[in-house]
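Along the sequence shown, the residues carry numbers beginning at 1.
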Amino acid sequence: MMTSRSRYTSLLVFAMFFFGICFITRVMLLVFENDASLYSPMVLGKVFTIGLLYDSAALSWMLIPFSLVALFCSKSLRGRTIHKWLSTALFVGFAGSLIFQVVSEFLFWNEFSSRFNFIAVDYLIYTREVFGNIWQSYPIELMLAGIFVVSVIAAMTIGRRYFHIAGGESPPFLKRLKITAGLGLLPALFFFGLGDGPNNLLDRPSERELAWNGHYSLFRAFNNNDLSYPAFYATLPSETVQDVIGATFPTANTAAELSVERQIIPLGPAIRKNIVLISIESLGSDYVEAF
């Protein structure tokens, strides 16, 4: 059993900090969405309960480096000192990145009313165009300064307390190995056992997006390599589409004849010209090195 002086108590401190950041992010996005129907106690209960599941899944991955440091730093005075400094450095680094992520999620939500998805994955791939656009659209210098100030405050308050706890006593190596193995199983359990099931219990897209965790949804998008077309593009009900097709092809009688697939028969011999069509979705001259 871990005592209050155990080095593993520092993992609980980080977990509480992480859950607090996730809670604040979810509340900020909820308020920004400005949808009164989301304030129903039933809706809020489901969103925050399911959200806690996805927050826990994301946390399970972040605890791995902390558990490895706790494993390999011995229980001697020197090992406790090394663990205190290494673990606190991890905490400060993660704290800064989490605060940066809060701002990033807010900007992404402002653009797409969504948590991180495959669009965000593309953003990470095509960094030059995206970062240039973001730098022109937002006061990045002020935002980075604010993130730095908040990160320093977190490091000076929670980080100092964390530093003291991380220097606590350590159980024997075999017990540390068991704890690390147990924590290492959590990401696999969440990866194979969680999925989209809980999120699909929510009725509306806004509820489902609020329940996601930004880290989890980004990893999910990268792993699945997909983007929901109906969620981001205007669509018509299937019945309306069938009515439009039926009006376009009034002689169609069967479902097969109502299909948009058609065989085009030319009136004469094919004219094979050497034509190259180049289609460009978006091309800003500011980001092109050569014309």
Side-chain angles (χ1 to χ4, degrees), residues 13-35 38 44 47-48 50-52 54-59 61-63 65-66 88-160 162 199 205-222 227 231-232 284 286-287:
V13 174
F14 175 74
M16 295 306 297
F17 177 78
F18 178 77
F19 284 133
I21 289 292
C22 293
F23 179 82
I24 292 172
T25 303
R26 197 165 280 117
V27 170
M28 286 175 54
L29 297 179
L30 176 67
V31 173
F32 182 77
E33 188 66 9
N34 195 26
D35 184 351
L38 293 172
L44 290 176
V47 166
F48 280 89
I50 294 174
L52 185 60
Y54 291 107
D55 294 343
S56 301
L59 174 66
W61 291 92
M62 296 186 180
L63 289 179
F66 289 93
T88 303
L90 276 175
F91 176 83
V92 173
F94 271 103
S97 66
L98 288 173
I99 294 170
F100 178 83
Q101 181 246 340
V102 172
V103 177
S104 301
E105 279 208 76
F106 184 82
L107 297 180
F108 192 84
W109 187 283
N110 180 55
E111 188 75 21
F112 299 103
S113 296
S114 167
R115 294 280 193 162
F116 292 143
N117 51 37
F118 197 72
I119 297 176
V121 176
D122 278 343
Y123 278 11
L124 294 176
I125 297 174
Y126 304 105
T127 54
R128 180 176 179 181
E129 295 85 347
V130 173
F131 288 170
N133 190 9
I134 292 176
W135 199 275
Q136 293 176 358
S137 304
Y138 298 98
I140 300 300
E141 295 90 344
L142 292 176
M143 290 182 175
L144 292 177
I147 292 172
F148 176 77
V149 170
V150 175
S151 300
V152 170
I153 293 174
M156 294 299 294
T157 54
I158 305 175
R160 290 179 63 182
Y162 183 95
N199 195 267
S206 57
E207 298 174 19
R208 292 191 287 271
E209 294 299 331
L210 285 170
W212 281 127
N213 173 277
H215 300 87
Y216 183 94
S217 61
L218 182 64
F219 176 80
R220 175 192 174 279
F222 186 84
L227 184 69
F232 291 92
D286 292 342
Y287 311 116

Interatomic distance, Arg160 atom CZ to Thr88 atom OG1 [nearest 0.5 angstrom] = 12.0 Å

For atom CZ of Phe148, is the number of surrounding heavy atoms from other residues, nucleotides or ligands below 6.0 Å larger than 12?
-> no

Mind checking the CD-CG spacing from Glu105 to Asn110? Nearest 0.5 Å is all I need.
-> 13.0 Å

What one should report as the nearest heavy-atom pair of Arg26 and Ala211 is NH2-O, 3.4 Å

Quick one: CD1 on Ile21 to CG on Leu59, what's the gap to the nearest 0.5 Å?
-> 12.5 Å

Report yes if some heavy atom in the side chain of Phe118 is under 4.5 Å from a heavy atom in the side chain of Arg220; otherwise report no.
-> no

Calculate, to the nearest 0.5 Å, the distance between atoms OG1 and CZ belonging to Thr25 and Phe106 respectively.
-> 11.0 Å

Just wondering, more than 12 heavy atoms not from Phe222 lying within 6.0 Å of its CZ?
-> no

Are Leu218 and Gln101 close enough that some pair of their side-chain heavy atoms sits under 4.5 Å apart?
-> no

If we only count heavy atoms from C-beta on, is the Leu144 to Phe100 side-chain gap below 4.5 Å?
-> yes

Give a yes or no on this: more than 12 heavy atoms of other residues, nucleotides or ligands lie within 6.0 Å of atom CE of Met16.
-> no

Are the side chains of Leu30 and Leu44 in touch, meaning some heavy atoms are under 4.5 Å apart?
-> yes

State, yes or no, whether a side-chain contact exists between Arg115 and Leu29 at a heavy-atom distance under 4.5 Å.
-> yes

So among Phe108, Phe219, Tyr54, which one has a ring pair (Phe, Tyr, Trp, His ring centres under 6.0 Å) with Trp212?
-> Tyr54

Inspect the surroundings of CZ in Phe19 and state if more than 12 heavy atoms from other residues, nucleotides or ligands are less than 6.0 Å away.
-> yes

Determine, step by step, whether Val103 and Ile147 satisfy the side chain to side chain contact (heavy atoms under 4.5 Å, CB included) criterion, reporting the C-alpha distance in whole Å, the side-chain angles of both residues, the deciding distance to 0.1 Å, and the verdict.
-> CA-CA 8 Å; Val103 177; Ile147 292 172; 3.8 Å; yes

Under the side chain to side chain contact (heavy atoms under 4.5 Å, CB included) criterion, do Phe48 and Phe23 qualify, and how do the steps go?
-> CA-CA 8 Å; Phe48 280 89; Phe23 179 82; 3.5 Å; yes

Does the side chain to side chain donor-acceptor pair (under 3.5 Å) test come out yes or no for Glu209 and Trp109, once each step is laid out?
-> CA-CA 9 Å; Glu209 294 299 331; Trp109 187 283; over 6 Å; no

Just wondering, are more than 12 heavy atoms of other shown residues or ligands nearer than 6.0 Å to OH in Tyr123?
-> yes

From OH (Tyr138) to CE (Met143), nearest 0.5 Å = 7.0 Å

Could you tell me if the ring centre of Tyr162 sits under 6.0 Å from that of Phe14?
-> no

Centroid-centroid distance, Phe66 to Phe91, less than 6.0 Å = no

Using modelled atom types only, decide if a donor and an acceptor are shared between the side chain of Ser217 and the backbone of Phe116 within a distance under 3.5 Å.
-> yes

Atom of Ala58, atom of Asn213 and distance for their closest heavy-atom approach = CB-OD1, 3.3 Å

Report yes if some heavy atom in the side chain of Leu38 is under 4.5 Å from a heavy atom in the side chain of Leu210; otherwise report no.
-> yes

What one should report as the nearest heavy-atom pair of Ser151 and Gly96 is OG-CA, 3.5 Å

